[in-house]
Every structure is written in C-alpha cells, then in structure tokens.
Amino acid sequence: MSEIKWGIIGCGDVTEVKSGPAFNKAPNSSLVAVMRRNAAKAEDYAKRHQVPKWYSDADQLINDPEVNAIYIATPPLQHEEYTIKALAAGKPVYVEKPMALNSEAAKRMVAASQQYGVKLSVAHYRREQPLFLKIKTLLQEQVIGEVRFVELKMLQPQKSDLIANAEENWRVNPEIAGGGLFHDLAPHQLDLMLYYFGEIERFDGIAVNQTGQDQVDDLVTGHLLFKNGVVFNGTWCFSVAEADLSDSCEIYGSKGKISFPMFGHQIKVLVNGTEERLDFLPLTHVEQPMIEKVVAYFLNEGENPCSGEEAVKTMDLLDGFTR
C-alpha cells in the first residue's frame with residue numbers, strides 16, 4: 001500500500017471533529033467510506049464531510065475493495081465483532097478506546113490479529129499529543145528527580161461536559177459500554193500511566209454505585225504498584241457538586257512535582273520551590289497526531305503507537321478496579 005484508504009464504522013459524534021476530518025489531513029491517508037446503521041445519518045455524514053461512499057451495513061464497508069483499513073468508532077459492544085471481521089478480511093484496524101467491552105473480548109481481538117497476521121492499533125491517542133509527550137520527556141530527563149507516586153482525581157457531576165454527546169446515553173449502559181463514565185474517561189488516564197511507568201507489579205480497586213441513578217458504578221478508586229516502585233492512586237467520582245469539580249494529575253518526585261489536567265492545555269512543573277508553566281495550543285482534531293502514527297505503521301514506515309497487547313493491560317485495570 002502507498003496510501004491508507006479508510007472506512008469508518010460508526011460515524012457518530014466522536015468522529016465529527018475529534019477524529020473524522022484527520023483521516024484526510026494525515027499524509028498518505030484519505031477517508032473513502034463511512035458506515036452507520038441509520039442510512040440517512042450515514043448519508044448525511046458522508047455529504048457533509050465529502051466522503052465518496054456511505055453504507056448502513058458494516059459488512060459491505062469491510063468488503064469494499066477500495067477500503068484498505070478500518071477505523072471502528074462504535075460503542076464498545078461492537079468493537080470485538082467488527083474488529084475480528086475486518087482482520088479476517090485482511091484489513092488493518094484502528095479501534096477506539098476502550099478497546100472492548102471487557103478484557104477477555106480485547107484478548108480475543110489480539111488473538112485474531114495474530115491469527116490473521118493483520119495489524120491492530122488502539123486509539124489511546126493522548127500518547128501522541130504534544131502536552132503528554134512533553135510530560136514523558138520531563139520524566140525521562142528526571143526534571144523532578146526520581147518519581148515516588150502519582151495522585152489523580154477526576155471529580156465530575158452526573159452530566160459532565162467532558163463526556164462526548166450522544167443521542168442515546170449508552171455510556172451508562174454496562175451492556176453497551178462495559179461500565180459507566182469511568183469506562184469512558186479512565187482509559188485515557190490509565191493508558192498514560194502505563195505509557196509513563198511501564199509494567200505493573202499489582203493493583204486493586206473499589207467501585208460503588210452511590211446514587212443509584214444508573215446501573216453502573218459512579219465512584220471508583222484504583223491503586224497501582226509499578227515494578228519500578230512508583231505508586232499510583234486514582235479517584236473517579238461522577239456525582240460531586242459543581243463547586244468540587246477536579247481534573248488533576250500530580251506526579252511527585254524526589255525534587256518536585258509535575259501537575260496537569262487530562263483535559264486541559266497546561267503543565268506546571270514545581271522544582272525546589274520554583275514553578276514553571278508550559279502552555280499548549282488546543283488541537284483542532286485531537287486524534288490527528290495518533291492517526292498520523294497509525295498511518296505510518298500501517299504503511300510499514302513506523303512502529304505501532306499503541307498495540308492491542310498494550311491496550312489489553314488497560315482493559316485489565318478497568319475490569320480489576322470495578323469487579
């Protein structure tokens with residue numbers, strides 16, 4: 001292949017700005033087909049985004065001979081089925097996070113990739129954004145010394161502006177999403193911890209449904225011990241008052257700390273009592289840096305920016321914290 005010609009399965013709200021347009025902006029990449037079960041909405045998306053083809057049947061898109069790679073952006077329930085079908089058709093897959101409904105489904109997707117010898121990447125796209133790459137560099141350069149522990153807080157009301165809009169509130173339906181809002185937001189955060197600190201020694205968590213508003217946990221705490229000795233503590237609560245909102249991650253080291261939000265644009269570095277602030281411009285299409293890396297990987301011009309095997313580890317944490 002000299003160019004990746006993408007087909008999207010599930011052209012809902014998340015693809016409108018975050019990802020969809022980036023497939024035409026990445027080098028050696030173009031979006032040639034989209035699919036949504038609602039034919040009228042699939043056609044509307046295709047016309048608004050100048051996509052040549054649209055389908056209401058996923059099998060038809062997968063088997064379109066012009067499409068040579070598949071982006072799966074459906075709710076997690078369909079990730080496994082469509083990923084395995086695409087891989088069986090010989091077409092590499094870029095699948096949204098969370099990778100699947102649960103860890104066992106994610107492992108079957110990895111097994112299919114190995115069975116068919118077809119590439120699989122997972123959309124833990126914060127890995128490739130400038131802000132989070134800068135944090136990785138600061139850690140590698142030991143700007144704050146040796147890392148001791150990490151404190152993360154994600155405190156949101158029941159209806160949070162951080163959650164992507166959807167016609168149906170499927171994100172709090174465990175049969176479709178695997179869990180609640182924790183399963184929608186935490187994959188970003190947990191994947192970054194694995195990206196920064198490596199292999200896990202052990203982990204545990206507590207999950208409860210305090211409000212009873214939905215059939216999912218709305219308070220989750222998780223604890224990790226990495227093999228390098230770094231300890232992570234995370235709290236996710238989706239029922240706090242507006243005055244108590246928090247999106248913070250603080251990495252403490254022997255000489256200082258790095259503070260940043262997961263959904264913001266500034267890093268604060270405090271060393272020996274002196275604070276430096278690093279500002280980053282918002283990205284028009286937040287997945288574009290990742291998509292460019294995936295395109296290069298699919299064209300054999302780079303490494304996999306996030307493999308299925310790596311994403312399974314994040315799924316293990318999601319399952320382990322909420323079991």
Side-chain angles (χ1 to χ4, degrees), residues 4 14-15 17-19 22-23 25-27 29 69 71-73 76 79 83 92-100 106 109-110 113 119-141 143 147 150 152 154 162 164 183-200 222 224 226 228 230 232 234 247-249 251 258-267 278 280-299 301-318:
I4 301 301
V14 72
T15 69
V17 177
K18 288 184 176 182
S19 60
F23 290 102
K25 295 187 176 184
S29 171
Y71 168 49
I72 298 172
H79 287 187
T83 293
V93 171
Y94 174 55
V95 61
E96 268 299 337
K97 61 81 211 164
M99 182 179 177
M109 293 159 67
V110 170
S113 174
K119 293 178 177 179
L120 172 64
S121 294
V122 182
H124 288 299
Y125 56 82
R126 274 171 168 71
R127 288 180 173 215
E128 296 299 332
Q129 292 180 340
L131 184 149
F132 299 105
L133 286 172
K134 179 62 175 179
I135 293 168
K136 188 172 181 66
T137 298
L138 293 171
L139 294 171
Q140 290 172 336
E141 294 176 350
V143 170
V147 177
V150 184
L152 182 143
M154 174 57 66
L162 295 181
H183 279 68
D184 190 60
L185 296 181
H188 288 305
Q189 300 152 329
L190 295 174
D191 173 72
L192 282 173
M193 296 303 105
L194 294 168
Y195 186 51
Y196 291 155
F197 304 118
E199 294 296 319
I200 296 171
L224 304 174
F226 289 91
N228 60 11
V230 174
F232 167 89
D247 168 19
S248 68
C249 184
I251 303 174
I258 300 171
S259 304
F260 58 97
M262 288 290 173
F263 298 87
H265 310 289
Q266 186 181 82
I267 301 171
L278 306 174
F280 294 80
L281 294 174
L283 298 176
T284 303
H285 311 294
V286 295
E287 290 201 39
Q288 185 169 341
M290 186 67 159
I291 289 168
E292 291 177 357
K293 292 289 186 178
V294 171
V295 168
Y297 171 57
F298 286 178
L299 291 174
E301 297 174 354
E303 297 181 353
N304 194 343
C306 184
S307 69
E309 290 86 346
E310 291 174 287
V312 163
K313 296 175 183 178
T314 299
M315 294 303 309
D316 285 338
L317 295 178
L318 295 179

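The first residue in the sequence is number 1, and the count goes up from there. As the structure is a computational prediction, the values presented were derived from the model and not from experiment.
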Nearest-0.5 Å distance that lies between atom CD1 in I200 and atom CG in L224: 5.0 Å
Partner residues of Y125 under the ring pair (Phe, Tyr, Trp, His ring centres under 6.0 Å) criterion, sequence neighbours left out: H188
Salt bridge (Lys or Arg N to Asp or Glu O under 4.0 Å): pairs with one or both residues in residues 126-138, sequence neighbours excluded: R127-D191, R127-E310
CA sep, side-chain torsions, deciding dist, call: L185, F263, side chain to side chain contact (heavy atoms under 4.5 Å, CB included): CA-CA 10 Å; L185 296 181; F263 298 87; 3.7 Å; yes
Spacing of CD belonging to Q189 relative to CG belonging to L152, to within rounding of 0.5 Å: 5.0 Å
Heavy-atom side-chain proximity of H79 to E96 below 4.5 angstrom: yes
Side-chain (N304) to main-chain (L120) donor-acceptor, under 3.5 angstrom: yes
Exceeds 12 heavy-atom contacts within 6.0 angstrom, atom CD of E303: no
Residues F260, L278; criterion side chain to side chain contact (heavy atoms under 4.5 Å, CB included); working and verdict: CA-CA 10 Å; F260 58 97; L278 306 174; over 6 Å; no
Spacing of L194 atom CG and H124 atom NE2 [to the nearest 0.5 Å]: 8.5 Å
Shortest non-hydrogen contact from I267 toward F280: CD1-CE1, 3.5 Å
A22 backbone acceptor or donor facing E287 side chain under 3.5 Å: no
Parallel, tilted or perpendicular, as decided by the 30° and 60° cut-offs, for the rings of F23 and Y71: tilted
Interatomic spacing from CE in M290 to SG in C306 - rounded to 0.5 Å: 5.0 Å
More than 12 heavy atoms of other groups within 6.0 Å of K293 NZ: no
Euclidean distance, L192 CG relative to I135 CD1, rounded to 0.5 Å: 7.5 Å
S113 (side chain) donor-acceptor with M109 (main chain) under 3.5 angstrom: no
Any residue meeting side chain to side chain contact (heavy atoms under 4.5 Å, CB included) with E292, in chain and number order, not counting sequence neighbours: A26, P27, Q288
V17 backbone acceptor or donor facing H285 side chain under 3.5 Å: yes
Derivation and outcome, side chain to side chain contact (heavy atoms under 4.5 Å, CB included), residues V93 and K119: CA-CA 6 Å; V93 171; K119 293 178 177 179; over 6 Å; no
Approximate separation, where rounding is to 0.5 Å, of D184 CG and L318 CG: 10.5 Å
